[in-house]
Amino acid sequence: MLRASYVALALADSWAAGGRSHSARRSRRVTKPLLMPTLSLSLLTDPRATTSPLRRSTLAAQDGGWAGDVALLGDGRRSFLTGVGAFAVGHLASLSGLHAVRGPGALRSTSAARTAAAVWLATAPLLTYAAARRDRVLIAPVLSYAALLALLAARAAHLDPALPRDARRCAAAGAWTFLLSDTLLATRSFVLDESPPALDRAVMLTYTAAQLLLAEAAARSRAWTCGWGGAGVAPPHRFPRASTRVEEVVARHAGPWRTGR
């Protein structure tokens, strides 16, 4: 029910984001601040997430997302920088959770890291230059925020293989969709003089989809499946020798009294 409410709010807010009327802007002051609290409540009450190693960090990231959503309802440099800062705190929370369930080996040697670095090199300098033409104060925040997003995308694509595959896919899809959304947002804010309604709606659709995917990744993760990152207890199949030895002893001494199921 709460997940469906979030989807409905996301669609309504995304459509209103492309509106130019006073009523559309006014409706967003209701729909946008409700997005993250609804998604957080959905995750809090999801029984699948009770033992998830990503539950706490995802909820903290959603808190940062809510603060960013509210800040970006305003205009001007102060609102923008407040929003960027809030989202950066949220991404750091996500990174802390994902680091705890990281995959084996160094992140820098993975194809995900190389892809994220290539995307950053292809987009961040150009968008930072465009931002600097409007306000030089934005150079450091935009450049560093882009780097943080690239790191999040790389980390989310390299998680412990003991995590459920669907959780890992949701995490990677969510982080990369977040990167896409904020790239569209920066293009709209710094490159274009007038943003078309379709682009405004695309920014919100990709953003709300990214948040939903990251929440779903947390819900589908389970503490007992985490092995490489050290955040949880290894699954039973990681201890085959002990269990096999017990079965052999039981089989040897049960004799004719052993029964099957």
Side-chain angles (χ1 to χ4, degrees), residues 1-11 13 32-69 86-104 107 110 112 116 148-182 204-235:
M1 180 65 181
L2 286 169
R3 192 65 55 89
S5 298
Y6 172 79
V7 172
L9 280 169
L11 292 174
D13 188 73
K32 197 176 184 184
L34 286 175
L35 285 168
M36 290 304 102
T38 304
L39 188 60
S40 294
L41 190 57
S42 173
L43 183 59
L44 276 169
T45 57
D46 193 329
R48 299 175 301 168
T50 303
T51 60
S52 171
L54 297 176
R55 183 173 184 259
R56 183 176 298 178
S57 60
T58 303
L59 289 170
Q62 290 168 356
D63 289 342
W66 176 81
D69 286 344
F87 277 111
V89 170
H91 294 329
L92 288 172
S94 291
L95 277 170
S96 69
L98 295 173
H99 182 74
V101 292
R102 62 193 179 277
L107 178 62
T110 64
L148 183 60
L149 268 177
L151 178 59
L152 178 65
R155 171 54 68 198
H158 184 62
L159 300 180
D160 189 339
L163 282 172
R165 180 177 296 179
D166 56 348
R168 286 183 280 125
R169 287 177 174 175
C170 284
W176 283 96
T177 304
F178 221 127
L179 177 59
L180 170 62
S181 179
D182 280 351
M204 282 309 299
L205 280 172
T206 49
Y207 163 66
T208 52
Q211 291 283 23
L212 180 59
L213 285 165
L214 291 171
E216 192 63 21
R220 297 186 184 198
S221 300
R222 292 181 295 277
W224 62 267
T225 62
C226 302
W228 287 100
V233 179

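Here the structure is a predicted model, which is why all the values come from computation and not from measurement.
Residue pairs satisfying the salt bridge (charged side-chain N to carboxylate O under 4.0 Å, His left out) criterion with at least one member in residues 32-43, sequence neighbours excluded, are absent. Applying the salt bridge (charged side-chain N to carboxylate O under 4.0 Å, His left out) definition to pairs two or more places apart or across chains, those involving residues 40-50 are R3-D46, D46-R48, R48-E216. Among pairs with a residue in residues 205-214, those fulfilling side-chain hydrogen bond (donor to acceptor under 3.5 Å, both in side chains) read D69-Y207, S181-T206, Y207-Q211, at least two apart in sequence or across chains.
Without hydrogens or angle criteria, H91 side chain to A86 main chain gives no donor-acceptor distance under 3.5 Å. Although no hydrogens or angles enter the test, the distance criterion places a donor-acceptor pair under 3.5 Å between the side chain of R55 and the main chain of L44.
Taking CZ from R102 and CG from D160, the interatomic distance works out to 9.5 Å, rounded to the nearest 0.5 Å. Once rounded to the nearest 0.5 Å, the distance linking CZ of F87 with CG of L92 reads 13.5 Å. L43 contributes atom CG, which lies 4.5 Å from atom CG of L59 (distance to the nearest 0.5 angstrom).
In this structure the side chain of W176 reaches within 4.5 angstrom of the side chain of L179, judged on heavy atoms. In this structure, the side chains of L2 and L39 stay at 4.5 Å or more apart for every pair of heavy atoms. The side-chain heavy atoms of S42 and S5, taken from C-beta on, include no pair separated by under 4.5 Å. Side-chain contact check for L152 versus S94: some heavy-atom pair is nearer than 4.5 Å.
Nearest heavy atom pair, residue A218 against residue S52, reads O-OG, 2.6 Å. Shortest non-hydrogen contact noted between S40 and Q62 is OG-OE1, 2.6 Å. What you find for A61 and G90 is that their closest heavy atoms are CB-O, 3.2 Å. Between A217 and L54, the shortest heavy-atom contact is O-CD1, 4.3 Å.
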Side-chain donor-acceptor pairs of residues 166-173 under 3.5 Å, sequence neighbours excluded:
residue	atom	partner	partner atom	Å
D166	OD2	R220	NH1	3.3
R168	NE	L163	O	3.1

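With sequence neighbours left out, the side chain to side chain contact (heavy atoms under 4.5 Å, CB included) criterion links A210 to T177, F178. Legend: residues meeting side chain to side chain contact (heavy atoms under 4.5 Å, CB included) with A154, ordered by chain and number and at least two apart, are L107, A113, A116. L9 pairs by the side chain to side chain contact (heavy atoms under 4.5 Å, CB included) definition with T31, L34, L35, T38, not counting sequence neighbours. For D182, the side chain to side chain donor-acceptor pair (under 3.5 Å) criterion is met by Y145, not counting sequence neighbours. Take A112 and apply the side chain to side chain contact (heavy atoms under 4.5 Å, CB included) test, not counting sequence neighbours, and it matches T110, A157.
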